[in-house]
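Here is the structure we will look at, set down as structure tokens.
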Amino acid sequence: MDQGMDNSLVKLSAIRKTFPGKEVLKGVDLTIGRQGVLGFLGPNGAGKSTLMKIILEEQEYTAGELIKSEDLTIGYLPEEPSLYRHMTVAPFLKFVQEIYATSQNAYSIQEIIEKCGLSDVSHQRIENLSKGYKQKVGIAAAICHNPKLLVLDEPLVGLDPNAIIQIKEVIKDLSKDHTIFISSHQLSDLASICDDIAILNEGHIIAHGPIDEIEKTLEIKQEVEVEFENIDTSKLNGLKELGVNFTVSGDIYTFSKESSKEKSDGDLRVILSKYFAQNDLSILSQQNKKVGLEDIFKKLTAKPGGKA
């Protein structure tokens, strides 16, 4: 434990984990703060499960230092939650809460049910619930003791689109009172709920911070989608001299320009607007095509000379 962890719950420094014949974690540095949602991602075999088990103290590490705040408590939702399916929701949560021997600051069962969107099914047997509701029950069980840190392992996997929306809403709401550490392969969904992300690749944390800040450090091409009122494509030829390329799909023209972290060439939207005005091209719409978390992930985890 450490007295100097006022701004964080967990701090990993130079964490290494070696299995016979293989070093899985090669000096991981990672800090989990006291608020917000931290998305944890990486390709298969990167060591995500091993690192999560170390944080949960389910597995020992070979070298390094793991420091936890004195007030740290953890709630955990595994990828496949263990639920007593013959029980109804409310008695099950009461049972779980009693196992934790919770303190006075624990939620009431009714508070847990409301926070996790279970009011409509609180008296139903768990085995009769949809997968989305079962996942909500798993999250509810993980917060029974009002933990400081909530660790969620693939909470969105296998859910239908409506269930994903509902679970994301629950996670956003819980993040007001708990730090959320969430591992998922569903990158587009992570991007919409995370304050920060941490990417683990080949045993190292290769990026950690807000998505937009990570994006700025990368050479990712900016793309702008444009719909013209009328268009003479020959008027677009001059864009090549500005390093701008385009593709066409139906009525939508997608313009792109490689950005550089060494220098800033300006916003592509501004470049295009000036060019269109100078060449008497009328547009109906112009919008930036936002770089997705998938693009960042692919860029950072790509193997030299090959694909990610």
Side-chain angles (χ1 to χ4, degrees), residues 9-10 12 17 24-25 28 30 32 36-59 74-85 92 96 112 115-118 126-127 129-144 147-175 178-203 205-208 211 292-298 300-301 308:
L9 291 172
V10 179
L12 300 96
K17 176 62 180 178
V24 177
L25 301 178
V28 171
L30 180 66
I32 301 176
V37 181
L38 173 58
F40 182 48
L41 54 149
N44 292 332
K48 297 193 305 298
S49 296
T50 299
L51 188 62
M52 291 183 74
K53 289 178 180 178
I54 289 173
I55 292 172
L56 295 167
E57 295 189 342
E58 292 182 355
Q59 193 165 79
I74 299 177
Y76 175 49
L77 176 74
E79 185 172 345
E80 296 182 6
S82 298
L83 307 172
Y84 287 118
R85 298 172 184 267
F92 170 71
V96 173
I112 297 170
K115 280 180 173 291
C116 295
L118 293 167
I126 295 172
E127 64 185 358
L129 301 180
S130 67
K131 184 165 185 178
Y133 271 114
K134 286 175 182 173
Q135 199 74 320
K136 287 183 181 181
V137 174
I139 295 174
I143 66 165
C144 272
K148 298 284 186 181
L149 174 63
L150 180 58
V151 178
L152 306 176
D153 188 3
E154 295 288 352
L156 306 175
V157 69
L159 301 181
D160 64 62
N162 287 332
I164 288 176
I165 292 172
Q166 292 175 15
I167 296 297
K168 285 164 61 177
E169 289 175 350
V170 169
I171 292 172
K172 286 181 180 179
D173 185 58
L174 291 176
S175 69
H178 309 267
T179 296
I180 312 289
F181 184 71
I182 175 173
S183 172
S184 179
H185 283 97
Q186 296 179 247
L187 304 187
S188 60
D189 293 311
L190 268 190
S192 65
I193 58 176
C194 291
D195 300 294
D196 295 329
I197 59 169
I199 300 177
L200 182 70
N201 190 45
E202 298 184 350
I205 296 291
I206 57 174
H208 183 200
I211 295 174
L293 183 53
E294 292 92 343
D295 299 304
I296 294 173
F297 181 78
K298 289 177 182 177
L300 287 171
T301 60

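Only heavy atoms go into these numbers, but all of them, side chains included; no hydrogens, no water, no symmetry mates.
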Review point. Looking at Leu41 and Phe297, what are the two nearest heavy atoms and their distance?
Key: CD1-CD1, 3.2 Å
Review point. Without hydrogens or angle criteria, can the side chains of Lys17 and Gln59 be said to hold a donor-acceptor pair below 3.5 Å?
Key: no
Point to revise | His208 side-chain N/O to Ile199 backbone N/O, donor-acceptor pair under 3.5 Å | key: no
Exercise for review: Measure the shortest side-chain to side-chain distance between Ile165 and Glu169 over non-hydrogen atoms and say whether it is less than 4.5 angstrom.
Suggested key: yes
Review point. Does the pair Lys168 and Ser192 meet the rule for a side-chain hydrogen bond (donor to acceptor under 3.5 Å, both in side chains), with working shown?
Key: CA-CA 9 Å; Lys168 285 164 61 177; Ser192 65; 3.0 Å; yes
Exercise for review: Answer whether the closest heavy-atom distance between the side chains of Gln166 and Lys136 falls below 4.5 Å.
Suggested key: yes
Point to revise | Side-chain donor/acceptor of Asp195 to backbone N/O of Val37, under 3.5 Å | key: yes
Check your understanding: Could you give the distance from OG1 (Thr179) to CD1 (Ile74), rounded to the nearest 0.5 Å?
Key -> 11.0 Å
Review point. Under the side-chain contact (heavy atoms from CB on, under 4.5 Å) criterion, do Leu200 and Ile206 qualify, and how do the steps go?
Key: CA-CA 6 Å; Leu200 182 70; Ile206 57 174; over 6 Å; no
Check your understanding: For the atom pair OH (Tyr133) and CG (Leu159), what is the distance rounded to the nearest 0.5 Å?
Key -> 13.0 Å
Practice item. Verify side-chain contact (heavy atoms from CB on, under 4.5 Å) between Ile180 and Leu38, making sure each step is shown before the conclusion. Key: CA-CA 6 Å; Ile180 312 289; Leu38 173 58; over 6 Å; no
Check your understanding: Is the shortest heavy-atom distance from the side chain of Ile197 to the side chain of Leu190 under 4.5 Å?
Key -> no
Review point. Does any N or O in the side chain of Gln135 come within less than 3.5 Å of the main-chain N or O of Pro155, such that one atom is a donor and the other an acceptor?
Key: yes
Exercise for review: Determine, step by step, whether Ile55 and Ile32 satisfy the side-chain contact (heavy atoms from CB on, under 4.5 Å) criterion, reporting the C-alpha distance in whole Å, the side-chain angles of both residues, the deciding distance to 0.1 Å, and the verdict.
Suggested key: CA-CA 10 Å; Ile55 292 172; Ile32 301 176; 4.0 Å; yes
Check your understanding: So how far is it from Glu79 CD to Glu154 CD, rounded to the nearest 0.5 Å?
Key -> 5.0 Å
Exercise for review: Say whether, by atom type as modelled, one donor and one acceptor occur between the side chain of Glu202 and the main chain of Ala46 under 3.5 angstrom.
Suggested key: no
Exercise for review: Quick one: do Leu51 and Leu12 satisfy side-chain contact (heavy atoms from CB on, under 4.5 Å)? Show the steps, please.
Suggested key: CA-CA 10 Å; Leu51 188 62; Leu12 300 96; 3.6 Å; yes
Review point. Is there side-chain contact between Ser184 and Val157, with at least one heavy-atom pair below 4.5 Å?
Key: no
Point to revise | Minimal non-hydrogen separation, Met52 against Leu152, with atom names | key: CE-O, 4.2 Å
**Study point:** Shortest non-hydrogen contact from Val24 toward Gly47
**Key:** CG1-CA, 3.6 Å
Check your understanding: Does any non-hydrogen side-chain atom of Leu30 lie less than 4.5 Å from one of Phe181?
Key -> yes
Point to revise | Gly42 backbone acceptor or donor facing Lys48 side chain under 3.5 Å | key: yes
Exercise for review: Drop me the distance from Asp173's CG to Cys116's SG, to the nearest 0.5 angstrom.
Suggested key: 8.5 Å
Review point. Is atom CD of Glu80 surrounded by more than 12 heavy atoms (other residues, nucleotides or ligands) closer than 6.0 Å?
Key: no
Practice item. Decide yes or no for Leu77 and Asp153: does some side-chain heavy atom of the first lie under 4.5 Å from some side-chain heavy atom of the second? Key: no
Check your understanding: Heavy-atom distance under 4.5 Å between the side chains of Phe40 and Ile205, does that happen here?
Key -> yes
Point to revise | Spacing of Lys134 atom NZ and Ser130 atom OG [to the nearest 0.5 Å] | key: 8.0 Å
Exercise for review: For residues Ala142 and Leu150, report the shortest heavy-atom separation together with the two atoms involved.
Suggested key: CB-CD1, 3.6 Å
Check your understanding: Looking only at heavy atoms, what is the nearest atom pair of Phe92 and Ala141, with distance?
Key -> CE2-CB, 4.0 Å
Revision key, fill the gap. In this structure, CG of Leu156 is separated from CG of Asp189 (nearest 0.5 Å) by 5.5 Å
Point to revise | Nearest heavy-atom neighbours spanning Leu300 and Ala207 | key: CD1-CB, 3.6 Å
**Study point:** Side chain to side chain, Pro147 and Tyr76, heavy atoms closer than 4.5 Å
**Key:** no
